*Asks:* 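The structure under discussion is supplied below as structure tokens; questions concerning it will follow.
All chains are named by letter (A, B, ...) in the order of the sequence lines, taking the proteins before the strands, and each is independently numbered beginning at 1. All values derive from a computational prediction rather than experimental measurement.
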Protein chains: 4
Amino acid sequence: MNLLLKSILDECRHYTAQGNVATYIPQLAKVDPNKLGIYVITEGLYDSFAGDCFDRFTMQSVVKTMILLQALMDSGIEKVRGLVGVEATGKPFDTFNYSDQALTGANINPMVNTGAIALCTLIRGDTYEEKFQRLLGLTRLLADDPDLQVDESVYRSEQETGNKNRALAYMLKAYGMIHDPVEEILDCYFRACSILVNCRDLARIGLVFAHHGRDPKTGKRHFAPELARYVNATLATCGMYDGSGEFALEVGFPAKSGVGGGIMGVIPKRMGIGVFAPALDKHGNSKAGVQVLARLSRELDLGIF
Amino acid sequence: MNLLLKSILDECRHYTAQGNVATYIPQLAKVDPNKLGIYVITEGLYDSFAGDCFDRFTMQSVVKTMILLQALMDSGIEKVRGLVGVEATGKPFDTFNYSDQALTGANINPMVNTGAIALCTLIRGDTYEEKFQRLLGLTRLLADDPDLQVDESVYRSEQETGNKNRALAYMLKAYGMIHDPVEEILDCYFRACSILVNCRDLARIGLVFAHHGRDPKTGKRHFAPELARYVNATLATCGMYDGSGEFALEVGFPAKSGVGGGIMGVIPKRMGIGVFAPALDKHGNSKAGVQVLARLSRELDLGIF
Amino acid sequence: MNLLLKSILDECRHYTAQGNVATYIPQLAKVDPNKLGIYVITEGLYDSFAGDCFDRFTMQSVVKTMILLQALMDSGIEKVRGLVGVEATGKPFDTFNYSDQALTGANINPMVNTGAIALCTLIRGDTYEEKFQRLLGLTRLLADDPDLQVDESVYRSEQETGNKNRALAYMLKAYGMIHDPVEEILDCYFRACSILVNCRDLARIGLVFAHHGRDPKTGKRHFAPELARYVNATLATCGMYDGSGEFALEVGFPAKSGVGGGIMGVIPKRMGIGVFAPALDKHGNSKAGVQVLARLSRELDLGIF
Amino acid sequence: MNLLLKSILDECRHYTAQGNVATYIPQLAKVDPNKLGIYVITEGLYDSFAGDCFDRFTMQSVVKTMILLQALMDSGIEKVRGLVGVEATGKPFDTFNYSDQALTGANINPMVNTGAIALCTLIRGDTYEEKFQRLLGLTRLLADDPDLQVDESVYRSEQETGNKNRALAYMLKAYGMIHDPVEEILDCYFRACSILVNCRDLARIGLVFAHHGRDPKTGKRHFAPELARYVNATLATCGMYDGSGEFALEVGFPAKSGVGGGIMGVIPKRMGIGVFAPALDKHGNSKAGVQVLARLSRELDLGIF
């Protein structure tokens, strides 16, 4: 399949020139917009890959998947559902646009910033340092990569410029949805967003979600099937910001993007995929990344709908 | 499987008492809230069914699936996408809540009233009578039921009380999204909503969508696979109103509900399902119907995520 | 004072080039954007005027003042307040942007289209023809001009293109705020908007509001002081669309504008003013008209704040 | 006039039982809801007063008037208008409900929290301690009361529970509308809200606004007339939260309320009024206070419309 992947990258490379790298965090603006890579893992013996698939980038919103999973593992489905809803919001990921009446958990979801920040409080741990270490540990475990690290300069950059997230967090606090100190929760969230991964890592994590919590490479079960279904269904309806409907149409499987340029794809019972192309479309999704996944989906009939 | 279906109905029957029949159209308020039926069709020789599966009810919003398909067949994907978007709105199906700036096709979708009304204009036909007959013909064809009729009293009831839909249609016209006479478009839409079907009809139509446009019973292809994927993806993200995220989690396959109490389920490559239970939950979805589908999905592992 | 008025017009004439005439109704687009006139009436013997003050133009939203007054005279303060509120909406005059929960009378006011349309139903009359004739009669009476007529071509133009108002009216009907046939109510509203007046007429009507219902020229009381205060207070907070706050700052007295280019000014206990300049600013207020009033207000210390 | 004031208080005293004291700050919840007082100052030699007019309470939102004035005096009209608009928002004072597109200065105003917080940055001073001291100094000067102090327990209570204001401030920062450290700005704002005044103080400040910046008691001019008109016009359109329209109708002069129960009334060229009654209506305005002012306005014909 390496040949197929290479030819898809070649075909889609021109899309990298049609997007823009994220600039709201100065560190992200420094990335080379021409990067393009993909990594595909199935149950089979050999992985497939092409392009800049071993380049590292920060997870950004892809980590919302891990936050949701960790919260589900630590606090259970009921508590998670009680805190944040599951409906698409029809709004950008960092929206403020809640009427006073409507800021309830039912109107946010784990894939928008507000929901992800709230879910950090449901991760087990006496301190937010401990909570973050659990989250990092789980990410390393699923990625089968014990060396995953935080990009300190991106993390500091997020800390310095993350005023919109501060506003969202204080809003959650004002409405009694979170109770811990805002700066500690945000510190955990900003560090989580700054975890460095490559396409292989994303593909490996995606594979575990695809196999409903069991790593088919090792045979080890990491979490219950119903938690995987929870996450996958959420990705299918809200994983690609307010471009999720379009993605369902054109690609057709659960996926989660981040403004770092990565996308994790989950083809249930079949495959995990990681792509990387940092130039973004208007929704904040990797422009070339979406096109590569669309092309691959048609080629291998990966659509689940 | 009839035994399984029967025992699921028995188990879920108490949910019929937890919802309320639609009352905004007087005719709908007259339905017996205790009705409960299901019909399942696969490629196999024998269908399975239980309960009030041959009772007739009006399609209501389920017909949005047919309107979308007919518009796609008659005008093509590009024109349909140009007129109405594909993102979940995060709002109720009859929402007015568009800021003046944001009333663009990109902010509505085929599964909310505004989008479905707009799509009626993309059905081929010199008159709206002709357009409606095409739509009815397609519904009869896919349902394999040439006798499908409009419930005249529900249709008249919709006509009389449909002021919110009138407001939505005039809004579309004011913004230049539709050009034909509003009352003619609405007449087509109201009649479409009033088509009488039973669970078998919905299961049969669902089966064709599940098999991507080919009827596996007759071997006949009715429409192209990409149109089926378009519809199925839209159902998966927006088919159950602002309960679509919850449905993806708890049931896990594309489906479309109507306030008449029907739900059409589509299990890609496997199965079509029709359920009927007219008592509705707060989103306007059949209360017991959703529970029956959730139970069946777990039992037969029908979830696609 | 004629000399003062003339020199203010000269000074402000260049503003006529900075606005644009209304185009949403084709008939309005035909007006000469360079027109500029003013008429001022006090208790004193002689009126003052300058420029195109005898040119006729349609009242448009200025007639909302008359609709509110007529509804108050015919149905009383309590009924009017029960149907439409008095708060500024912070939204454009033809806004759709009501969340479903919030479309209540309390959230609209007599100076936005929705409110004015609703108030037409509170004018006395067995038919809408009769209601309109009452309204026209009152306008003629206050303007002391028995020859006021409807501009038939503008009226027909409004009828043909008024789909946004149709949408608003059906929305009101869907929420049970109005009960009469929408097209009849709108016919009354469109005709009212199309009444032709000149600056003198507006100044004369303004004078009666300024003297709290009594015409100081004739000594005749036309309505109770509390109704005048109701109208004047409403004009002060909402009379200039979403430019009302700015107008309060820069001009400082109650006024009502219309997209025909007219503004009626009310200086309580002192003066009525009519200005006409059809090129509009972004809020839909006469660009040069506002500047002329601001200049005059500073010159004669007309501000009430 | 003392007799008149006393009889109005007696007549309106039962309204104190119809409102509720503010509870969002624990310290405010401790106030006696039965308190009721009024103080009226004209150019004349003797002041008039009745009831609990020398009881002290925190200014809360009344101080927004002082913040606006100080910002105008220190930075000028142009800078103030450039930072925050002047239109009524149609929303509660602590609204979050800005769509991402619409959070611009033009959509907030000095009488909602967001606007008042932003304006603190336009007060002159090297530190926020210095800015606050200027503001306190101006308040003491206009109130002619050099002993005005901050209520330290209310201030600390605001600090601890002011998460909504924190959210609003970080939102302003995220959109580049403010640049200083949020906690320092808020500290200034919270202390300003906690300044203790009585009815006499409010009446005295109101008198200076009524006389357009000149204190008629001392003959001293404190600020330019155009700044007074700016503030008075803003109070007339937005001073009573989303009850401003109703207040214009029923009372009819510029005023500013605070959730501490105080209202400052400004009758241009005539009078300053302070009332105090801590039980609030649904808008957050003093329930009995508004009634007292309405009664007094009718009795003395104070309405300016």
Side-chain angles (χ1 to χ4, degrees), chain C residues 72 77 80-81 84-92 95 97-99 102 106-112 209-210 212 225-254 266-269 282-283 297-298 301 303-305, chain D residues 72 77 80-81 84-92 95 97-99 102 106-112 209-210 212 225-254 266-269 282-283 297-298 301 303-305:
Chain C
L72 285 167
I77 286 182
V80 166
R81 293 269 315 252
V84 302
V86 292
E87 300 307 320
T89 63
K91 293 170 189 162
T95 187
N97 191 2
Y98 298 103
S99 74
N107 288 316
I108 56 180
N109 76 54
M111 297 301 132
V112 298
F209 282 109
H212 293 145
E226 57 266 30
L227 304 192
R229 287 176 185 279
Y230 195 115
V231 174
N232 295 348
T234 305
L235 296 191
T237 52
C238 324
M240 300 298 282
Y241 304 129
D242 47 339
S244 298
E246 206 173 308
F247 190 85
L249 233 75
E250 297 184 355
V251 183
F253 50 73
V266 175
I267 295 88
K269 302 183 183 172
K282 64 177 174 175
H283 302 295
S297 180
R298 279 196 301 276
D301 190 25
I304 63 172
F305 300 121
Chain D
L72 285 166
I77 287 181
V80 166
R81 292 265 320 249
V84 302
V86 293
E87 300 306 321
T89 63
K91 294 168 188 162
T95 186
N97 191 3
Y98 298 103
S99 74
N107 289 315
I108 55 179
N109 76 54
M111 297 300 132
V112 297
F209 281 108
H212 293 146
E226 57 266 31
L227 304 192
R229 285 176 186 280
Y230 196 116
V231 174
N232 295 348
T234 305
L235 297 191
T237 53
C238 325
M240 300 298 283
Y241 306 129
D242 48 340
S244 298
E246 206 173 308
F247 190 85
L249 234 75
E250 296 185 355
V251 183
F253 50 74
V266 176
I267 294 89
K269 301 182 185 173
K282 65 178 171 173
H283 302 295
S297 180
R298 280 196 301 275
D301 190 25
I304 63 172
F305 300 119

*Asks:* Please classify the contact of C/Glu250 with chain D as side chain, backbone, both or neither, using a heavy-atom distance under 4.5 Å.
*Replies:* side chain
*Asks:* Return the option, out of C/Gly243, C/Gly303, C/Ala248, with the maximum number of heavy-atom pairs under 4.5 Å with chain D.
*Replies:* C/Gly243
*Asks:* What residue, out of C/Val86, C/Leu249, C/Val266, has the most heavy-atom pairs lying under 4.5 Å from chain D?
*Replies:* C/Leu249
*Asks:* Given the options D/Ile267, D/Ile77, D/Ile304, D/Asn232, which has more heavy-atom pairs under 4.5 Å with chain C than any of the others?
*Replies:* D/Ile304
*Asks:* Hey, does the side chain of C/Asn109 reach the backbone of C/Glu87 with a donor-acceptor pair shorter than 3.5 angstrom?
*Replies:* yes
*Asks:* For chain D, which candidate among C/Ala233, C/Ser244, C/Ala236 shows the most heavy-atom pairs at distances under 4.5 Å?
*Replies:* C/Ala233
*Asks:* For D/Arg81, is it the side chain, the backbone, both or neither that has a heavy atom under 4.5 Å from a heavy atom of chain C?
*Replies:* side chain
*Asks:* How many angstroms lie between NZ in C/Lys282 and CG in C/Asp242, if you round to the nearest 0.5 Å?
*Replies:* 8.5 Å
*Asks:* Could you tell me the separation between the CG atom of D/Asp301 and the NE2 atom of C/His212, rounded to the nearest 0.5 Å?
*Replies:* 7.5 Å
*Asks:* How close do C/Pro110 and C/Val84 get, counting heavy atoms only, and between which atoms?
*Replies:* CG-CG2, 4.0 Å
*Asks:* Which distance, rounded to the nearest 0.5 Å, do you find between the CG of D/Leu235 and the CZ of D/Phe247?
*Replies:* 10.0 Å
